[in-house]
Amino acid sequence: MITFLTEEERLVVDREELLELEADMLVTLGFDLCFPGPVAPMERYLRLLKIDHLPILRRMSFQICKFTYNDSSFLKYPPSEIAASAVLICLNIFRRD
């Protein structure tokens, strides 16, 4: 963020202040950057099912997992359940075709 400041702004705000402001914004907005997402469990499930060598299943599952970030109703589900559902949906679509 420092690189985006103008010369005048750099005279007023230093690096430590900017980091402190950023931390305050994250806490105020409730962003939990340590929140585990569904992508890591998805990759684990693909490996456990021995289908991680199929790029189409990986891409489809990843897209479904990414889609869940667009709707807050998915926040009530654990990331592992979202990942398992994504893999099962993609596996069923893949086998159907």
Side-chain angles (χ1 to χ4, degrees):
M1 293 301 297
I2 293 282
T3 58
F4 294 116
L5 296 176
T6 64
E7 289 299 323
E8 292 173 0
E9 292 169 329
R10 287 183 191 188
L11 296 174
V12 179
V13 179
D14 62 356
R15 185 179 190 282
E16 288 76 27
E17 260 186 320
L18 193 59
L19 289 173
E20 192 174 311
L21 288 170
E22 183 180 356
D24 287 344
M25 285 190 299
L26 291 172
V27 169
T28 302
L29 295 173
F31 294 147
D32 183 6
L33 299 180
C34 296
F35 177 76
V39 175
M42 175 208 74
E43 291 176 342
R44 193 173 310 120
Y45 295 146
L46 290 171
R47 277 193 310 274
L48 287 172
L49 294 170
K50 296 182 179 23
I51 53 175
D52 58 327
H53 64 283
L54 300 169
I56 189 161
L57 287 177
R58 180 181 297 273
R59 282 194 307 269
M60 284 194 314
S61 299
F62 181 72
Q63 291 300 321
I64 290 174
C65 288
K66 264 187 7 183
F67 173 74
T68 64
Y69 291 130
N70 295 331
D71 191 345
S72 62
S73 65
F74 288 103
L75 290 173
K76 63 184 175 186
Y77 300 104
S80 58
E81 284 183 17
I82 293 171
S85 300
V87 170
L88 289 174
I89 289 169
C90 293
L91 192 56
N92 286 329
I93 290 171
F94 182 75
R95 287 186 176 162
R96 181 196 68 190
D97 293 341

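Worth saying up front: this structure is predicted, and the values here are computed from it rather than measured.
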- If Ile, Leu, Val, Met, Phe, Trp and Tyr residues are connected whenever their side-chain heavy atoms lie under 4.5 Å apart, and connections chain through other members, are Met60 and Ile82 in the same group? no

- Which heavy-atom pair separates Arg10 from Leu5 by the least distance, and what is that distance? NE-O, 3.3 Å

- Task: State plainly whether one hydrophobic cluster holds both Tyr45 and Ile56, where clusters connect Ile, Leu, Val, Met, Phe, Trp and Tyr through side-chain heavy atoms under 4.5 angstrom apart.
- Result: yes

- Of the non-hydrogen atoms in Thr28 and Asp24, which two are nearest, and what is the gap between them? OG1-O, 2.7 Å

- Message: According to a hydrophobic-cluster definition based on side-chain heavy atoms being under 4.5 Å apart (Ile, Leu, Val, Met, Phe, Trp, Tyr only), do Phe67 and Ile89 belong together?
- Response: no

- Note on the structure: On a heavy-atom basis, the closest approach of Pro79 and Pro36 is CG-O, 2.9 Å

- Query: Of the non-hydrogen atoms in Leu57 and Ile51, which two are nearest, and what is the gap between them?
  - Reply: CD1-CD1, 3.8 Å

- Message: With a 4.5 Å cut-off on side-chain heavy atoms, are Glu16 and Leu19 touching?
- Response: no

- Query: Do Asp52 and Glu43 touch side chain to side chain, with heavy atoms closer than 4.5 Å?
  - Reply: no

- Query: Taking C-beta and beyond as the side chain, do Glu20 and Glu17 meet within less than 4.5 Å on heavy atoms?
  - Reply: no

- Task: Step by step, work out the side chain to side chain contact (heavy atoms under 4.5 Å, CB included) result for Arg96 and Ile93.
- Result: CA-CA 5 Å; Arg96 181 196 68 190; Ile93 290 171; 4.2 Å; yes

- Met42 CE to Arg47 CZ distance, which is reported to the nearest 0.5 Å: 9.5 Å

- Message: Hydrophobic clustering (ILVMFWY, side-chain heavy atoms < 4.5 Å, transitive) - are Phe62 and Tyr69 grouped together?
- Response: no

- Please answer: with hydrophobic residues joined when any side-chain heavy atoms are less than 4.5 Å apart, are Phe74 and Ile64 in the same cluster? no

- Pro78 backbone acceptor or donor facing Glu81 side chain under 3.5 Å: no

